[in-house]
Amino acid sequence: MKQRKGVFLSLCAIFVIAAGIFIVSAVTSDSQQAKLSASAGQIAQERGLSPADISAALKTYVPTGKYDDYLMFSSGGHSGQVLVIGVPSMRLLKVIAAFTPEPWQGFATGAKESGDLLDGANMPLGTNRELRWADTHHPALSETNGDYDGQFLFINDKANARIAVIDLRDFETKQIIKSPNMISDHGSTFVTPNTEYVIEGSQYAAPIPFSDYAPIEQYQEKYRGLIGFYKFNRAKGRIDMASSFQIEIPPYWQDLCDAGKKVSEGWLFCGSLNTEMATGGFGDGKPPFEAGVSQKDMDYLHVVNWKKAEAVVAAGKAKMISGIKVIPLQTAIDEGLLYFIPEPKSPHGADVSPDGNYIVISGKLDTHATIFGFDKIQKAIANKTFEGKDVFGVPILDFNAVKAAQLEIGLGPLHTQFDDKGNAYTSVFIESTMAKWTLGEPYNSGEKAWKLVEKIPIHYNIGHLVCAEGDTVSPDGKYCVSLNKWAIDRFTPVGPLHPQNFQLIDISGEKMQLLYDMPIGIGEPHYVQMIKADKLNPWLVYPEVGFNTITMSVDPKAAKSGSEGIVRNGNNVDVYMTAIRSHFNPEHIKVKQGDNVKIHITSIERARDATHGFAIDGYNVNLSLEPGEASTVEFVADKPGVYPFYCTEFCSALHLEMAGYLLVEPNQ
Ligand code: K7E
Ligand code: CUA
């Protein structure tokens with residue numbers, strides 16, 4: 001035992017000394033080097049770090065002032081937000097407000113611009129119920145030729161079927177749509193290779209629109225699924241509903257999708273479950289969903305020709321429902337837009353290889369990765385190699401005719417990503433591993449093709465995984481991160497609600513190496529995308545003073561320096577205010593009870609990071625005013641009294657003095 005410890009310590013020392021020399025050689029003399037190396041060795045010993053720990057630390061540590069090579073855009077899960085995380089440091093850089101009010105960014109906490117965004121995505125069809133949280137699942141970076149271009153990010157809200165559009169010039173949400181006809185989604189968001197469309201598949205079938213009541217006994221006749229193709233106008237940075245469409249599909253529970261790329265560009269692949277059309281009803285003596293939904297060994301991968309669907313819509317064969325064009329199921333079948341492929345068992349992930357030819361399917365209750373070839377799918381469609389039709393008449397392609405390979409990888413495979421060396425990486429949920437395996441031609445041939453290479457243990461219950469640009473046409477390799485559902489014993493306990501766990505894995509070497517655990521304490525992130533940091537080119541301050549962050553241009557109504565003041569028109573009061581270190585101008589806002597007050601505030605700062613806040617006590621207002629930004633607060637001064645307002649960012653030595661009074665004179 002003692003001897004082993006000795007070997008271990010000397011290994012440690014070698015690592016540390018090598019590392020120490022490497023790190024300090026640029027700036028220190030030989031004697032300083034020796035001292036630092038020795039003390040590094042001592043630190044490692046004192047902290048009980050193994051050689052593997054030390055190499056992991058050296059691979060993840062990013063010194064102060066240095067930047068990360070990659071950024072991850074992570075779903076924030078139930079928080080309804082998006083997390084931005086640096087790789088390899090795993091430092092949290094930002095939480096982008098997407099669906100949930102967020103005071104620091106002033107998102108829907110008084111600013112009219114973001115408040116209108118959220119209100120515009122309330123429940124439609126007369127209820128107008130405010131939605132103020134979301135279950136975000138799948139972020140999608142905008143793509144050009146199948147590669148991330150760093151311009152936009154989309155993310156879905158599974159709970160309410162909504163999509164947020166984030167502009168990566170300022171990392172802010174610009175649009176939120178409440179999807180017409182759909183009440184829940186899951187296979188969302190995904191983009192086509194040139195971001196022509198943002199894709200959304202519904203999950204739990206309901207009548208179309210969902211507000212059309214139908215008893216559950218009429219599930220097969222009246223309930224339906226939908227896949228939405230929402231046209232993205234890149235110049236405007238907005239989804240254009242008038243040019244969008246949906247396709248009606250059978251009431252299976254559509255799951256994860258991936259858009260075809262390169263050879264399969266123009267197609268979409270979505271897994272599904274519940275082709276049994278189980279309707280639950282456990283309490284009423286019926287089989288529970290979990291049994292009913294998993295009776296069959298195969299469900300159906302949906303294969304959708306979206307290029308052709310576009311033409312069908314253009315030919316006027318879609319119906320308007322709730323303001324969007326919908327291709328009826330029968331039309332989709334007649335026009336050859338929709339085919340099924342049997343997929344085993346309790347399917348979840350559907351992921352297209354970088355060359356676009358392979359579609360990797362995983363079944364939660366299966367032990368295989370099942371791989372279909374796009375070339376084989378095309379041939380089967382052309383030759384009508386069908387093994388039958390489903391009850392709605394959708395042709396089912398012959399499983400064996402389209403199968404390229406099937407590979408035993410472990411129990412409970414979910415999602416797959418790719419590297420730059422012809423390997424695939426699959427998350428294996430039930431056994432808590434990440435499996436590395438090889439793709440076939442043209443990546444690997446003969447003996448080397450379709451082989452399980454290695455598995456690395458995960459802590460614990462891996463859901464999705466992400467590898468650097470691992471779902472694009474040109475993955476980078478280098479890193480994968482496993483996005484774990486359970487942390488169990490990985491972190492200091494913080495009560496019965498445990499954090500989720502992101503585990504960084506180095507995939508660049510012969511063997512995979514676990515580098516780092518990052519707790520996520522804000523919700524259950526499902527999917528993440530990892531982009532090379534130098535593809536992003538965000539603004540450091542807004543380009544001009546008076547910038548409206550929704551129109552992304554100078555607001556003609558913005559308050560300007562030199563013309564601050566208060567304008568009254570009957571009981572409408574417009575306040576034109578500027579903010580700069582360390583004062584607001586004006587400092588007194590005198591209004592009468594019942595006045596409609598509009599405060600137009602412009603930050604006239606130009607210095608990087610000189611952000612101000614604007615909070616009104618008791619009026620539920622807090623804005624964030626980044627340099628150049630113009631924002632508006634609108635409220636009825638219904639409560640008489642004296643309400644201080646102040647800057648909520650510690651912006652200068654006289655920050656506490658950056659304040660004023662809202663004086664609301666009572667009606668007699
Ligand atoms: Cu697998 Cu919503 Cu993509 Cu969770 S989903 S893991
Ligand atoms: Cu401005 Cu504090």
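Read the numbers this way: they start at 1 and go in the same order the structure lists the ligands and their atoms.
Interface of Leu256 with ligand 1, defined as ligand atoms under 4.0 Å from a residue heavy atom, comprises 3 (Cu). For ligand 1, the atoms sitting less than 4.0 Å from at least one non-hydrogen atom of His348 are 1 (Cu), 5 (S), numbered in the order shown with element in parentheses. Near His464, meaning under 4.0 Å from one of its heavy atoms, ligand 1 places the atoms 1 (Cu), 3 (Cu), 5 (S), 6 (S). Ligand 1 places these atoms under 4.0 Å from at least one heavy atom of His138: 2 (Cu), 3 (Cu), 5 (S).
Taking 4.0 Å as the cut-off between side-chain N and carboxylate O, Lys261 and Glu143 do not count as a salt-bridged pair.
Less than 6.0 angstrom separates the ring centroid of His138 from the ring centroid of His186. Taking the six-membered ring wherever Trp is involved, the centroid distance between the rings of Tyr230 and Phe154 does not fall below 6.0 Å.
Inter-residue side-chain proximity for Pro475 and Tyr425 is flagged as unmet; no heavy-atom pair is nearer than 4.5 Å.
Within the structure, ligand 1 lacks Leu414 among the residues with a heavy atom less than 4.0 angstrom away. For Lys485, the closest heavy-atom approach to ligand 1 falls below 4.0 Å.
Residue contacts to atom 1 (Cu) of ligand 2: Met658 brings an N, O or S atom closer than 2.8 Å.
Under the 3.5 Å distance criterion, the side-chain polar atoms of Glu605 are matched with a main-chain donor or acceptor of Arg581. With hydrogens and angles disregarded, no donor-acceptor distance shorter than 3.5 Å links the side chain of Thr602 to the backbone of Ile604. A donor-acceptor pair under 3.5 Å is formed between the side chain of Arg606 and the backbone N or O of Tyr542. Using a distance-only test at 3.5 Å, with no hydrogens or angles considered, a donor-acceptor pair links the side chain of Asn501 to the main chain of His459. Asp185 places no side-chain N or O within 3.5 Å of a backbone atom of Glu200 that could act as its donor or acceptor partner.
Looking at His655 and atom 2 (Cu) of ligand 2 together, the shortest N, O or S contact belongs to ND1. Within His612, the N, O or S atom lying nearest to atom 1 (Cu) of ligand 2 carries the name ND1. Atom 2 (Cu) of ligand 2 lies closest to atom O when only the N/O/S atoms of Glu649 are considered.
Considering Lys364, Gln203, His186 only, the shortest heavy-atom separation from atom 5 (S) of ligand 1 involves His186.
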* Decide salt bridge (charged side-chain N to carboxylate O under 4.0 Å, His left out) for Arg162 and Asp157; before the verdict, give the C-alpha distance in whole Å, the side-chain angles of both, and the deciding distance to 0.1 Å. => CA-CA 5 Å; Arg162 294 184 296 168; Asp157 165 18; 2.9 Å; yes
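Under 4.0 angstrom from ligand 1, there are no non-hydrogen atoms of Leu483. Under 4.0 Å from ligand 1, the heavy atoms of His415 that appear belong solely to its side chain.
Seen from atom 1 (Cu) of ligand 2, atom SG of Cys651 and atom SG of Cys647 lie 120° apart in angle, a value rounded to 10°.
Counting only heavy atoms of the protein, atom 4 (Cu) of ligand 1 lies nearest to His526 ND1, 2.0 Å.
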